[in-house]
Number of protein chains: 2
Amino acid sequence: MTQNPPPLSAEKATIEDVARAAGVSRWTVARAFKTNASVSSKTRAKVLGAAKEIGYLPDLQAASLGANQSNLVALLVDDFKNPHKLLLIEQVSQTLRDHGWDSLLINTGGAQDTNAALLTASQRRVDAAILLGVHFNDAVLDTAVGAERVKKLIVFARSSKHPRTLSICVDDAAAMAIVADHVLAQGYQRPLFLAGPQTGSAHLHRQETFVQQWFEATGDAPHSLEVPVYDSALSYTEISKYLAESKSYPDVIVCENDALALGAMDAIRLSAGLSVPDDIAVTGFDDVPQAGFAQYQLTTYQQPIKEMAEHLVKLLRGEAQAKDRYDFSGTLIERSST
Amino acid sequence: MTQNPPPLSAEKATIEDVARAAGVSRWTVARAFKTNASVSSKTRAKVLGAAKEIGYLPDLQAASLGANQSNLVALLVDDFKNPHKLLLIEQVSQTLRDHGWDSLLINTGGAQDTNAALLTASQRRVDAAILLGVHFNDAVLDTAVGAERVKKLIVFARSSKHPRTLSICVDDAAAMAIVADHVLAQGYQRPLFLAGPQTGSAHLHRQETFVQQWFEATGDAPHSLEVPVYDSALSYTEISKYLAESKSYPDVIVCENDALALGAMDAIRLSAGLSVPDDIAVTGFDDVPQAGFAQYQLTTYQQPIKEMAEHLVKLLRGEAQAKDRYDFSGTLIERSST
DNA sequence: AAATATCTTGCACATGGGTGCAAAAGCGAT
DNA sequence: ATCGCTTTTGCACCCATGTGCAAGATATTT
């Protein structure tokens, strides 16, 4: 057995130490670190030099006590089965960091207790809580005391009509209309819509849009199937069962997102022994990395996550209009699954 | 355009408000919230009642200023291409939360500046920084001033010999030996080892273990291929190229992890037109969800992430031995890719 | 050179709660 | 009722910084 790690390094320097080293008051040091503060450039240079010398960096927690801003943002995530979450988490955390915010990741998947997560966020003095998940619907937010304790509530990549909430998402209806157009243009006739959890009002409008669009174009109501989690494995099971049980099969499965689409493709090929897209075509939504793999080549709709994350920053800064929703538009990525 | 969200809720109650409401001093309130504090049970009940009444919850940031503990832990992640990260992030954040810690997610992927990430962590007063990534090698940590400012440095699912660091990981060598045994037992004869980035000393020992093991058993040195990122798409490209260029192909590709293995399987089937496992078998490492999909059915090694996360909590609490490494053992999941 | 305007800098007070000790209160025994 | 001990409670001081104002220093004007 090896020994313990060496003891901690010397105490971290405080603003007071810098003040002493630079021969000024601590308030002057604080100013030197603040842009647009009234300090003579000579003093600032002296202070910053001293600070660098003794390795001073301001304590962000202490700073957020005094100030009414913490530069901390909570990311509430409840849905780790969906690989799209990794993209969202990566992009949002990176963009926030690039602009000076840190991310408090709160996993609400286990207890699924949104309220507790929001309370924790407020106890950490976050400037905002970003909701990245499927269970943050308006009913939950209504009953969550925690929702009122957080300065800003932002639903990302999903839409919400809750009055306390701001949404950053693609225009789901418009996006799904594009998918529907594509499916119609390809001449498919017997669609099946595969939906995920339908969670109250803070949900996606993909299913209803597709159904409506299809009905308007053809006069038929497409079949639908719902699974309770955005999980490829679950989608595989359900589609396998569906294909085994029904006498005729659809010629296209339109999925609410890629997580479901990937499982559906596996089911079509490996469980039902059919081919994609010849027997059954498939469409997805999100353009997760796997959608582009040789194995899948899934036709899907790509959301402009980066752009959306930049908009998030603007909202946090108060630069953007505080509209309840801000709709972005993405791109249909046509691959060989249709 | 809709109007702005309603104004913020009333100011959050402070300990002082509770004290007033309960008719005691604020220190008594603090005690009521602390287990093992000397308060009469009558007083505690009165205080907690009053706190509940006015909706008081302690401010964690303020608390961490006075105390020498923040209950905040930084998660440094640099590698979002690998789906295994989602598993790790989920499990670690959930387990930490279950035990009272919050997670500060720091994405070091963009700038790849580990030092900056560690500095940020220290500015947020984290109790520990958990390193979940590939680029946190000893050389980097040696030159990172930030490494010294963080109370504890814990490398998760990877091993490090850096003196400031504690590792929580499976015994890589033992695990890869099991994989090697399996491959040998199945009678494969021309292995190719597909490795990821070889990052200094805080790396995995899978490649060297396999090579050595194979050599000892057969007297041959297996071929190897390296890719700079754990990315299925990259693995696909490299394996495609490799199979196209070489006259003979291996009969098994042993991959350093599943991210690489999945891409390799796609390449074997779709680029080279060969079959798995008949022409070429494949093994992975990590048991990501996709490894179990019908499409892949990848033989892989599953790490006991949950158990490792629980051990992490013990380390944070100071309950566990501070060994430099703590080795767990996982399970070989045999599927039909071998 | 004096008066005035402007820029710098210092300070009191605030943020929300932790620590350790001392004072106060409770309690049983004498 | 008094003494001594234990439990409970209050308090001074500390954590590291922000805000807004006033005092001090410098520059500009007359």
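No experiment lies behind these values; they were computed from the predicted model shown. Naming: A, B, ... by sequence-line order, numbering from 1 per chain.
- Not a single donor-acceptor pair, N or O on each side, falls under 3.5 Å between the base of C/dG18 and the side chain of B/R31.
- Atom pair B/K42:NZ and D/dT7:P shows a separation of 17 Å (rounding to whole Å applied).
- Nearer the 5' end of DNA chain D, as judged by each residue's closest nucleotide, is the contact made by B/S38, out of B/S38 and A/I15.
- Within the 4.0 Å cut-off from OP1 or OP2 of D/dT9, at least one side-chain nitrogen or oxygen of B/T43 is found.
- Taking atom CG of A/N36 as the reference point, atom P of C/dC7 lies 14 Å away to the nearest angstrom.
- Between the P atom of D/dT17 and the CG atom of A/N71 lies a distance of 15 Å, rounded to the nearest Å.
- The distance between atom CG of A/L60 and atom P of D/dT17, rounded to the nearest whole Å, is 9 Å.
- Under 3.5 Å, the side chain of A/W27 and the base of C/dT8 form no donor-acceptor pair of N or O atoms.
- Using a 4.0 Å heavy-atom cutoff across all strands shown, A/F33 reaches no nucleic acid atom at all.
- When the C1' atom of C/dG17 is taken as reference, atom CD of A/Q123 falls 13 Å away, rounded to whole Å.
- B/R97 and A/T120 share a side-chain donor-acceptor pair at under 3.5 Å.
- In this structure, A/L65 places its CG atom 11 Å from P of D/dG18, rounding to the nearest Å.
- Rounded to the nearest 0.5 Å, atoms CG (B/N71) and CG (B/L96) are 10.0 Å apart.
- Listed for the A/N107 side chain is a donor-acceptor partner under 3.5 Å among the backbone atoms of B/E90.
- Between D/dG18, C/dG10, D/dT17, one nucleotide has an atom nearer to the side chain of A/A30 than all others, and that is D/dG18.
- Taking only side-chain nitrogens and oxygens, B/S40 never comes nearer than 4.0 Å to OP1 or OP2 of D/dT7.
- With hydrogens and angles disregarded, no donor-acceptor distance shorter than 3.5 Å links the side chain of B/R158 to the backbone of B/L131.
- A/R44 comes within contact range of no nucleotide atom at all, as no heavy-atom separation falls under 4.0 Å.
- Note that CE of A/M308 is 7.0 Å distant from CG of A/L88, once rounded to the nearest 0.5 Å.
- Checking the phosphate oxygens (OP1, OP2) of C/dT19, a side-chain nitrogen or oxygen of B/K34 falls inside 4.0 Å.
- Whole-Å rounding puts the B/Y56 OH to C/dG16 C1' distance at 8 Å.
- Between the side chain of A/R125 and the base of C/dG16 there is no donor-acceptor pair of N/O atoms closer than 3.5 Å.
- In this model, no side-chain donor or acceptor of B/R26 finds a partner on the base of C/dG16 within 3.5 Å.
- Spacing between atom CG of A/D59 and atom C1' of D/dC14 amounts to 14 Å, rounded to whole angstrom units.
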